[in-house]
Amino acid sequence: MIPKVRKAVFPAAGLGTRFLPATKAMPKEMLPLVDKPLIQYGVEEAIHSGIQNIIIVTGRGKSSIEDHFDVSFEMEQLLSSKNKKELLQVVQSVSEMTNLAYTRQKQALGLGHAVLQAKELVGPEPFAVVLSDDVIDAGVPCLRQLLDVYDFYGASVVALMEVPKDQISAYGVVDAEPISHVAGGDRLYRIRNLVEKPKAEEAPSNLAIIGRYVLTPEIFGSIESIEPGSGGELQLTDALKHLLRSRPIYGYKFEGSRYDAGDKLGFLKATVEFGLKRHDLGGPFREYLKKLTL
Ligand code: UTP
């Protein structure tokens, strides 16, 4: 029987240099998209995908993430005394959200290294990885789409997206062959190779890995076996390449829109799109945008 995925790891210990100076003292995962921090979108995606246990890998200066998901006693007292029931509910629903555990990455030594810090908390079972600066707006949550593939094959699955050639060198890129799949239409691939941040002319395809993964626990051994790669960091892509020697890995071209909210332009785009979609703000925001002389 294929073991169920019960846990999701959220690496949130990166330095967020692309978003300086905002990220000098504030974790990029706490940047608000309209009114919710990026990491909350990711946690909600995991919950809507059926995962209840969240493991957040934090680092120095990231305590506001823990505070955000904690009970805010003074705030609740204040809202309750002023009879602001709706706001009270918003605040309480965040702290009641799910089972959260935290572990620390003492130095930002790369995404692979961040995932490795969760080894003890994950244990010998499959798990998901969510990079919350990749915000994905989808009918069926992106992570759920990957879990459906995992539940069928019992192997690791990564989220894929087509990326223009001039941007490909910012991503982990796969060499993959399309395979037919009952539920997956033409979106499923079997991975043959992976390269982290290749030069555009050396990229094996235009299919980039986006921040959602379902991984089998052998990945921990692979991370422990590899040497630092691109940027001197322990790369998850390199560990996947190592894992590929002994296990199949699938890629799924997910349905939905992805925003790189860890990048200033991507964040602005996400803010506009999410603002327009909000039932309480969308109308007046659209009117405002229409009046702009562009
Ligand atoms: P990014 O590639 O976006 O790196 O990491 P970063 O360092 O946070 O940001 P920039 O590029 O300097 O602006 C992808 C994810 O992996 C986590 C980040 O927090 C982010 O969620 N990460 C990265 C870690 O947890 N630890 C690391 O050492 C590196």
Side-chain angles (χ1 to χ4, degrees), residues 8-33 36-46 54-66 68-69 100-119 121-122 127-136 142-143 158-159 161 163 167-173 194-198 208-213 215 219-220 223-224 226-240 258-268 270:
V9 174
F10 283 67
L15 299 178
T17 54
R18 287 172 296 152
F19 227 115
L20 283 167
T23 45
K24 193 169 167 242
M26 174 201 189
K28 84 173 151 184
E29 295 76 13
M30 287 302 292
L31 289 167
L33 207 48
K36 256 194 298 191
L38 297 180
I39 193 157
Q40 192 178 332
Y41 286 91
V43 169
E44 288 175 1
E45 181 182 327
I54 305 292
I55 299 164
I56 302 181
V57 183
T58 63
R60 246 165 50 81
K62 301 274 184 169
S63 55
S64 57
I65 298 178
E66 294 174 47
H68 179 69
F69 290 107
L100 284 154
Y102 296 91
T103 183
R104 254 174 124 82
Q105 185 190 24
K106 290 188 184 149
Q107 258 184 298
L109 298 176
L111 176 57
H113 184 261
V115 171
L116 188 58
Q117 307 314 303
K119 183 180 170 186
L121 287 170
V122 170
F127 63 103
V129 173
V130 175
L131 306 189
S132 46
D133 46 351
D134 274 334
V135 177
I136 300 177
C142 178
L143 188 55
V158 301
M161 189 179 96
V163 165
Q167 292 163 30
I168 201 82
S169 56
Y171 294 86
V173 184
L194 310 95
V195 196
E196 181 64 24
K197 300 192 172 65
I209 305 173
I210 299 304
R212 301 290 183 277
Y213 309 74
L215 301 171
I219 193 71
F220 292 121
I223 301 172
E224 284 162 338
I226 58 166
E227 296 292 323
S230 169
E233 297 187 340
L234 269 190
Q235 296 290 354
L236 187 58
T237 309
D238 294 340
L240 285 164
R258 171 259 185 181
Y259 303 92
D260 180 2
D263 165 80
K264 290 172 192 174
L265 183 59
F267 182 83
L268 286 174

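All values derive from a computational prediction rather than experimental measurement. First listed ligand is number 1; within each ligand, the first listed atom is number 1. Quick note: residue numbers are just sequence positions, from 1.
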Practice task
Evaluate the side-chain proximity of Phe69 to Ile56: yes if any heavy-atom separation is below 4.5 Å, no if none is.
Solution key: yes
Practice task
Give yes or no for whether the N/O distance cutoff of 3.5 Å, strictly under, is met between Ser132 and ligand 1.
Solution key: no
Completion exercise
The atoms of ligand 1 lying under 4.0 Å from a heavy atom of Leu109, numbered in the order shown, are 28 (O)
Fill in the blank from the handout: Taking every heavy atom of Cys142 against every heavy atom of Arg212, the minimum-distance pair comes out as SG-CG, 3.7 Å
Problem - Per-atom contacts of ligand 1 with Ala114, taking only distances under 4.0 Å to non-hydrogen atoms - result: 24 (C), 25 (O), 26 (N)
Handout entry: Nearest protein heavy atom with distance in Å, relative to atom 13 (O) of ligand 1
Key = Arg18 N, 2.7 Å
Problem - Heavy atom of Val57, distance to ligand 1 below 4.0 Å - result: no
Exercise for the section: Check each atom of ligand 1 against the heavy atoms of Ala108 and keep those under 4.0 Å away; list them by number with element. Expected result: 28 (O)
Practice task
State the CZ-CG distance between Arg18 and Asp133, to the nearest 0.5 angstrom.
Solution key: 6.0 Å
Handout entry: Minimum-distance protein heavy atom relative to atom 21 (O) of ligand 1
Key = Pro11 O, 2.9 Å
Practice task
Identify, by atom number and element, the atoms of ligand 1 in contact range of Gln105, meaning under 4.0 Å from any of its heavy atoms.
Solution key: 24 (C), 25 (O), 26 (N), 27 (C), 28 (O)
Handout entry: Interatomic distance, Ile210 atom CD1 to Ile136 atom CD1 [nearest 0.5 angstrom]
Key = 7.0 Å
Practice task
To the nearest 0.5 Å, tell me how far Thr237 OG1 sits from Leu240 CG.
Solution key: 6.5 Å
Problem - Distance (rounded to the nearest 0.5 Å) between Gln107 CD and His113 NE2 - result: 7.5 Å
Problem - atom 9 (O) of ligand 1 [closest protein heavy-atom partner, distance rounded to 0.1 Å] - result: Lys28 NZ, 3.0 Å
Fill in the blank from the handout: In this structure, atom 14 (C) of ligand 1 is nearest to the protein heavy atom Leu131 CD1, 4.0 Å
Exercise for the section: Would you check the N or O atoms of Gly262, main chain and side chain alike, for any that come under 3.5 Å of an N or O of ligand 1? Expected result: no
Exercise for the section: Can you see which heavy atom on Val130 is nearest to which on Gly42, and at what distance? Expected result: CG1-CA, 4.2 Å
Handout entry: Point-to-point distance, once rounded to the nearest 0.5 Å, from CG of Leu31 to CD1 of Ile39
Key = 11.5 Å
Problem - Closest approach of any protein heavy atom to atom 25 (O) of ligand 1, naming residue and atom - result: Ala13 N, 2.8 Å
Exercise for the section: For atom 12 (O) of ligand 1, find the nearest protein heavy atom and state the residue, atom name and distance (0.1 Å precision). Expected result: Thr17 OG1, 2.5 Å
Problem - Parallel, tilted or perpendicular: ring planes of Phe127 versus Phe220, cut at 30 and 60 degrees - result: parallel
Handout entry: Residue, atom name and distance, where the atom is the protein heavy atom closest to atom 16 (O) of ligand 1
Key = Leu111 CD1, 3.5 Å
Handout entry: Under 4.0 Å to a heavy atom of Leu15 - the qualifying atoms of ligand 1, by number
Key = 6 (P), 7 (O), 8 (O)
Handout entry: Which residue and heavy atom of the protein sit nearest atom 23 (C) of ligand 1, plus the separation
Key = Gly14 CA, 3.8 Å
Practice task
Give the numbers and elements of all ligand 1 atoms closer than 4.0 Å to a heavy atom of Glu29.
Solution key: 19 (O), 21 (O)
Handout entry: Point-to-point distance, once rounded to the nearest 0.5 Å, from CZ of Phe19 to CE of Met26
Key = 9.0 Å
Handout entry: Any Glu233 heavy atom less than 4.0 Å to ligand 1
Key = no
Problem - Side chain proximity check, Val57 to Val115, heavy atoms < 4.5 angstrom - result: no
Exercise for the section: Kindly give the heavy-atom pair with the smallest separation between Glu29 and Ala12, and that separation in Å. Expected result: OE2-CA, 3.3 Å
Practice task
Number the atoms of ligand 1 from 1 as they appear, then name those within less than 4.0 Å of a heavy atom of Gly110, with their elements.
Solution key: 26 (N), 27 (C), 28 (O), 29 (C)
